[in-house]
Participant: 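I'd like to ask you about the structure that follows.
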Amino acid sequence: YNPKTMFGVTTLDVVRANTFVAEAKKLDVTKTSVPVVGGHAGTTIIPLLSRTKPQVKFTQEEIDKLTVRIQNAGTEVVDAKAGAGSATLSMAYAGARFVSSLLKALKGEKNVVECAYVKSTVCAATYFSTPLRLGPNGIEENLGLGDISDYEKQQVDKAIPELIKNIEKGEKFA
């Protein structure tokens with residue numbers, strides 16, 4: 001397989017982070033961007049609130065609450081539907097957004113960036129979600145973690161053993 005064209009789509013986590021931050025800070029969700037790194041399960045989902053655009057300030061209490069809410073958003077939806085379904089529309093929107101970005105990149109549009117779970121050397125986990133600059137041939141550049149807060153560094157460090165365990169389990173299954 002070509003690791004530059006194989007993506008684990010984590011856009012749903014980004015869409016949720018954008019929505020929750022926009023609601024909390026009274027921002028236009030269409031102009032709000034929160035990178036989400038790590039994996040796509042529980043505490044491996046790490047919103048980089050320090051890199052929110054437009055730049056906003058968060059108290060530690062807001063950071064704690066938003067992080068947990070973003071990490072548990074799937075469960076929140078299932079609970080809200082009393083177990084009768086999941087986030088079908090938001091999953092469809094996230095998928096459409098990612099495909100739209102891929103199509104823009106394939107057409108040669110510059111600076112198309114999406115977070116996705118890919119083969120990576122960013123940390124000890126061999127697969128990791130980070131912002132990626134996309135181009136006609138797939139990943140042009142893994143933008144890595146960039147400057148992140150101490151809190152976010154701790155979240156990443158905590159997620160890596162779980163990610164490694166999940167990756168090993170997935171590789172054995174494959």
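We number each residue from 1, following the sequence as shown. Values below: all heavy atoms of this structure, side chains included; hydrogens, waters and symmetry mates excluded.
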Participant: Grab the two heavy atoms, one from P136 and one from G108, that are nearest each other, plus how far apart they are.
Facilitator: CG-CA, 4.3 Å
Participant: Assigning hydrophobic clusters by single linkage (Ile, Leu, Val, Met, Phe, Trp, Tyr; side-chain heavy-atom cutoff under 4.5 Å), is Y151 placed with V21?
Facilitator: yes
Participant: With rounding to the nearest 0.5 angstrom, report the CZ to CZ distance, F20 to R69.
Facilitator: 4.0 Å
Participant: Can you name the side chain to side chain donor-acceptor pair (under 3.5 Å) partners of E152, sequence neighbours left out?
Facilitator: S50, S149
Participant: Does anything in residues 45-54 pair up under salt bridge (charged side-chain N to carboxylate O under 4.0 Å, His left out), and if so which pairs, sequence neighbours excluded?
Facilitator: none
Participant: I'd like to check the side chain to side chain donor-acceptor pair (under 3.5 Å) partners of T10; sequence neighbours left out, ordered by chain and number.
Facilitator: S129
Participant: Mind checking the CD-CG spacing from Q71 to L66? Nearest 0.5 Å is all I need.
Facilitator: 11.0 Å
Participant: For Q55, does the CD atom sit with more than 12 other heavy atoms under 6.0 Å from it, leaving out its own atoms?
Facilitator: no
Participant: The criterion is side chain to side chain donor-acceptor pair (under 3.5 Å); which residues satisfy it with S120, sequence neighbours excluded?
Facilitator: none
Participant: Would I63 and I70 show up in the same hydrophobic cluster when neighbours are defined by side-chain heavy atoms closer than 4.5 Å?
Facilitator: yes
Participant: Checking one residue: L103. Which other hydrophobic residues are in its cluster under the side-chain 4.5 Å linking rule?
Facilitator: V99, L106
Participant: Could you state whether V14 and F58 fall into the same hydrophobic cluster, counting links through intermediate Ile, Leu, Val, Met, Phe, Trp or Tyr residues with side-chain heavy atoms under 4.5 angstrom apart?
Facilitator: yes
Participant: Do you know the tightest heavy-atom contact between S101 and V112?
Facilitator: O-CG1, 3.4 Å
Participant: From K119 NZ over to N2 CG, what is the distance, rounded to the nearest 0.5 angstrom?
Facilitator: 12.5 Å
Participant: What closest approach, in Å, do Y1 and Y127 show between heavy atoms, and which atom pair accounts for it?
Facilitator: OH-OH, 3.2 Å
Participant: Going from CG on N137 to CD1 on I139, what distance comes out if it is rounded to the nearest 0.5 angstrom?
Facilitator: 11.5 Å
Participant: Among all residues two or more places apart in sequence or in another chain, which pass the side chain to side chain contact (heavy atoms under 4.5 Å, CB included) test with N111?
Facilitator: R133
Participant: Does K65 have any side chain to side chain contact (heavy atoms under 4.5 Å, CB included) partners at least two apart in sequence or in another chain, and if so, which?
Facilitator: E61
Participant: Rounded to the nearest 0.5 Å, what's the gap from CG on L134 to OG1 on T5? Could you check?
Facilitator: 11.5 Å
Participant: Measure the spacing between CG of N142 and NZ of K4 and express it to the nearest 0.5 Å.
Facilitator: 9.5 Å
Participant: Which pairs of donor and acceptor atoms, one on a side chain in residues 24-48, lie under 3.5 Å apart (sequence neighbours left out)?
Facilitator:
unit_1: K25; atom_1: NZ; unit_2: K57; atom_2: O; d: 2.7
unit_1: K25; atom_1: NZ; unit_2: E62; atom_2: OE1; d: 3.2
unit_1: K25; atom_1: NZ; unit_2: E62; atom_2: OE2; d: 3.1
unit_1: D28; atom_1: OD1; unit_2: T30; atom_2: N; d: 2.9
unit_1: D28; atom_1: OD1; unit_2: T30; atom_2: OG1; d: 2.6
unit_1: D28; atom_1: OD2; unit_2: T30; atom_2: OG1; d: 3.1
unit_1: T32; atom_1: OG1; unit_2: D28; atom_2: O; d: 2.8
unit_1: H40; atom_1: ND1; unit_2: D13; atom_2: OD1; d: 3.4
unit_1: H40; atom_1: ND1; unit_2: D13; atom_2: OD2; d: 2.6
unit_1: T44; atom_1: OG1; unit_2: H40; atom_2: N; d: 3.4
unit_1: T44; atom_1: OG1; unit_2: A41; atom_2: N; d: 3.1
unit_1: T44; atom_1: OG1; unit_2: A41; atom_2: O; d: 2.7

Participant: Can you list the residues that meet the salt bridge (charged side-chain N to carboxylate O under 4.0 Å, His left out) rule with E114, with sequence neighbours excluded?
Facilitator: R97
Participant: Can you give me every donor-acceptor pair (side chain of residues 153-174, partner residue at least two apart or in another chain, under 3.5 Å) with its distance?
Facilitator:
unit_1: E162; atom_1: OE1; unit_2: K165; atom_2: NZ; d: 3.3
unit_1: N166; atom_1: ND2; unit_2: E162; atom_2: O; d: 3.4

Participant: Is there a continuous path of hydrophobic side-chain contacts, each under 4.5 Å between heavy atoms, that joins L143 to V122?
Facilitator: no
Participant: By side chain to side chain donor-acceptor pair (under 3.5 Å), which residues pair with S100, not counting sequence neighbours?
Facilitator: none
Participant: Holding to side chain to side chain contact (heavy atoms under 4.5 Å, CB included), I want the full list of residues that pass it with A116, two or more places apart in sequence or in another chain.
Facilitator: F7, F98, V118, L132
Participant: Tell me if a side-chain donor or acceptor on T52 pairs with a main-chain N or O of L49 at a distance below 3.5 Å.
Facilitator: yes
